[in-house]
Amino acid sequence: MEPMPSTEAQGTYSAEERRILLGVAARSIEHGLDQGAPLAPDPGEYPPALRALRATFVTLEIDHALRGCIGVLEAIRPLVVDVARNAFAAAFEDPRFTPLTREELPRLEIHLSILSPPAAMRFNSEADLLEQIRPGVDGLILEDRGRRGTFLPSVWEQLPSQAQFFEHLRLKSGLPAGHWSDSLRVSRYTTESFGASIQEAFQDRPAETG
């Protein structure tokens, strides 16, 4: 079966590359259950697009409910390595949840989000910032007073207005409700997102080793 469609109209990655990444994520979770550590894929065994340095988030769901979400905002590892590491972390290291169990594995859904490089936004007021934010498209990074938080574009499904989205991001970042200051910084990014059930990810995995 094909992975769930991207949230973008046109994606950077082919259907085959998406299948490979989903297979890596699934096998890294399986490896975590068996070995207590993430899969360590060799980037040299993968297509060039999957060897590039990219930042990702991996979101896990069971019965459409969140079961873990871990990622990075800076591109510091080859894409295939970042997916393997974040899939393991989402399953076993998200502090909001107990580690994933083998009994839960058959019900798992895996969603991958590959981030574009963040771009700093310029604005002169909160109203100016909110007007620039693109609902359903932008992920945001908020930084101020030593605090930082991010919302992926998928969060727009729960918080559909710019004001709601930004206010909840403030709170997630550990800032007071309504907080505003001249030192506040906001960057935005987009994601290419796709996913599959754990069974689909295992069925579609390639024959390579990692």
Side-chain angles (χ1 to χ4, degrees), residues 3-12 18 22 25 54-75 82-83 86-87 89-91 93-98 100 107-197:
M4 299 172 191
S6 168
T7 57
E8 297 182 343
Q10 292 184 346
T12 301
R18 293 181 182 194
L22 288 163
R54 296 298 300 268
T56 70
F57 272 74
V58 177
T59 302
L60 305 179
E61 295 182 355
I62 291 179
D63 299 331
H64 306 293
L66 183 66
R67 187 57 181 84
C69 181
I70 295 289
V72 297
L73 296 171
E74 291 83 23
D82 204 59
V83 165
N86 291 336
E93 297 178 348
D94 188 327
R96 298 169 294 180
F97 301 93
T98 58
L100 188 80
R107 299 160 54 209
L108 203 64
E109 291 185 359
I110 302 172
H111 300 269
L112 307 183
S113 296
I114 305 173
L115 280 59
S116 69
M121 299 183 68
R122 296 182 179 180
F123 45 86
N124 52 39
S125 67
E126 183 172 345
D128 182 25
L129 171 63
L130 294 180
E131 187 174 349
Q132 294 182 49
I133 297 172
R134 299 170 296 179
V137 175
D138 288 335
L140 294 184
I141 303 168
L142 172 63
E143 300 174 89
D144 200 19
R145 297 184 177 179
R147 307 291 185 119
R148 183 168 78 161
T150 190
F151 272 161
L152 295 170
S154 58
V155 176
W156 287 105
E157 296 176 9
Q158 288 78 46
L159 304 169
S161 76
Q162 290 102 319
Q164 285 180 311
F165 193 89
F166 187 65
E167 178 61 16
H168 280 78
L169 179 55
R170 263 194 289 237
L171 298 176
K172 181 187 179 185
S173 304
L175 297 168
H179 171 79
W180 189 262
S181 76
D182 292 338
S183 60
L184 186 144
R185 294 184 294 166
V186 178
S187 301
R188 64 178 165 193
Y189 57 87
T190 59
T191 62
E192 182 170 343
S193 301
F194 48 94
S197 70

K.L.:
Phe97 versus Leu60: any side-chain heavy-atom pair under 4.5 Å?
P.N.:
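Contact flag for Phe97/Leu60 side chains = no.
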K.L.:
Side-chain contact, heavy-atom cut-off 4.5 Å: Ile110 with Leu112?
P.N.:
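Counting from C-beta outward, Ile110 and Leu112 do come under 4.5 Å.
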K.L.:
Tell me which pairs pass ring-ring contact (aromatic ring centres under 6.0 Å, His included) where either residue lies in residues 114-139, with sequence neighbours left out.
P.N.:
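The answer is Phe123-Trp180.
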K.L.:
Applying ring pair (Phe, Tyr, Trp, His ring centres under 6.0 Å), can you list everything that pairs with Tyr189, at least two apart in sequence or on another chain?
P.N.:
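For Tyr189 there are no ring pair (Phe, Tyr, Trp, His ring centres under 6.0 Å) partners, ignoring immediate neighbours.
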K.L.:
If you apply the rule side chain to side chain contact (heavy atoms under 4.5 Å, CB included), what do you find for Met121 with Leu129, and how did you get there?
P.N.:
CA-CA 8 Å; Met121 299 183 68; Leu129 171 63; 3.8 Å; yes
K.L.:
Evaluate whether atom NE2 of His168 has more than 12 neighbouring non-hydrogen atoms of other residues, nucleotides or ligands under 6.0 angstrom away.
P.N.:
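No, NE2 of His168 has 12 or fewer neighbouring heavy atoms, counting only those of other groups under 6.0 Å.
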K.L.:
Could you go through the side chain to side chain contact (heavy atoms under 4.5 Å, CB included) check for Leu175 and Leu142 one step at a time?
P.N.:
CA-CA 10 Å; Leu175 297 168; Leu142 172 63; 4.0 Å; yes
K.L.:
Let me confirm one number: the CG-CD distance from Leu100 to Glu93, rounded to the nearest 0.5 Å.
P.N.:
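Rounded to the nearest 0.5 Å, the CG-CD separation comes out at 12.5 Å.
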K.L.:
Could you walk me through whether Thr56 and Leu115 pass side chain to side chain contact (heavy atoms under 4.5 Å, CB included), step by step?
P.N.:
CA-CA 6 Å; Thr56 70; Leu115 280 59; 5.5 Å; no
K.L.:
Measuring only between side-chain heavy atoms, which start at C-beta, is Cys69 closer than 4.5 Å to His111?
P.N.:
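Side chain of Cys69 against side chain of His111, heavy atoms only: no contact under 4.5 Å found.
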K.L.:
Nearest 0.5 Å, please: how far is CG in Leu171 from NE2 in His179?
P.N.:
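Result: 11.5 Å between the selected atoms.
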K.L.:
Report the distance from atom CG of Leu108 to atom CD of Glu61, rounding to the nearest 0.5 Å.
P.N.:
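Answer for the CG-CD pair, Leu108 versus Glu61, is 9.0 Å.
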K.L.:
Tell me, please, which residues at least two apart from Arg188 pass salt bridge (charged side-chain N to carboxylate O under 4.0 Å, His left out).
P.N.:
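Listed in chain order: Asp138.
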K.L.:
Taking all heavy atoms of Ala120 and all of Ser187, pick out the closest pair and write down the distance.
P.N.:
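Distance-wise, the nearest heavy atoms are CA-OG, 3.7 Å.
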K.L.:
Could Glu126 and Arg170 be called an ion pair, given the rule that one side-chain N must be under 4.0 Å from one carboxylate O?
P.N.:
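Looking at Glu126 and Arg170, the cut-off is met.
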K.L.:
Can you list everything that forms a salt bridge (charged side-chain N to carboxylate O under 4.0 Å, His left out) with Arg148? Sequence neighbours excluded, please.
P.N.:
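By the salt bridge (charged side-chain N to carboxylate O under 4.0 Å, His left out) rule, Arg148 matches Glu74.
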K.L.:
I'd like to know whether CZ of Arg134 has more than 12 heavy-atom contacts from other residues, nucleotides or ligands below 6.0 angstrom.
P.N.:
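Atom CZ in Arg134 is packed in, count exceeds 12.
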K.L.:
Is there a side chain to side chain contact (heavy atoms under 4.5 Å, CB included) between Gln162 and Trp156 once you walk through the steps?
P.N.:
CA-CA 9 Å; Gln162 290 102 319; Trp156 287 105; 4.2 Å; yes
K.L.:
Say whether, by atom type as modelled, one donor and one acceptor occur between the side chain of Thr190 and the main chain of Ser116 under 3.5 angstrom.
P.N.:
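No, Thr190 side chain to Ser116 backbone: no donor-acceptor pair under 3.5 Å.
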K.L.:
Locate the shortest heavy-atom distance separating Val83 from Ala25; write the atom from each residue and the value.
P.N.:
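What the structure gives for the nearest pair is CG1-CB, 3.8 Å.
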K.L.:
Heavy-atom distance under 4.5 Å between the side chains of Gln164 and Gln158, does that happen here?
P.N.:
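A side-chain contact is absent here, since even the closest heavy-atom pair is not under 4.5 Å.
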K.L.:
Rounded to the nearest 0.5 Å, what separates atom CG in Leu169 from atom OG1 in Thr150?
P.N.:
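Taking CG in Leu169 and OG1 in Thr150, the distance rounds to 6.5 Å.
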K.L.:
Check salt bridge (charged side-chain N to carboxylate O under 4.0 Å, His left out) between Arg122 and all other residues, then give those that pass, not counting sequence neighbours.
P.N.:
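None.
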K.L.:
With sequence neighbours left out, write down each residue that passes salt bridge (charged side-chain N to carboxylate O under 4.0 Å, His left out) with Asp63, or none if nothing qualifies.
P.N.:
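Once residues adjacent in sequence are excluded, the partners of Asp63 under the salt bridge (charged side-chain N to carboxylate O under 4.0 Å, His left out) criterion are Arg107.
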K.L.:
What heavy-atom pair brings Leu130 and Phe166 nearest, and what distance separates the two atoms?
P.N.:
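The answer is CD2-CB, 3.7 Å.
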K.L.:
Check Ile133 against Leu140 and note the closest heavy-atom contact, atom names and distance.
P.N.:
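Answer, listing the atom of Ile133 first, then Leu140: CD1-CD1, 3.6 Å.
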K.L.:
Do you know the tightest heavy-atom contact between Leu152 and Ser113?
P.N.:
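Minimum heavy-atom separation between Leu152 and Ser113: CD1-OG, 4.3 Å.
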K.L.:
For residues Ser193 and Thr191, report the shortest heavy-atom separation together with the two atoms involved.
P.N.:
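Smallest heavy-atom distance, with atoms named: OG-OG1, 3.1 Å.
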K.L.:
Is it true that, when you exclude Glu131 itself, more than 12 heavy atoms of the residues, nucleotides or ligands shown sit nearer than 6.0 Å to its CD?
P.N.:
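For Glu131, atom CD is not crowded (no more than 12 foreign heavy atoms under 6.0 Å).
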K.L.:
In Å, rounded to the nearest 0.5 Å, how long is the span from OG1 of Thr59 to CG of Asn86?
P.N.:
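That separation rounds to 10.0 Å.
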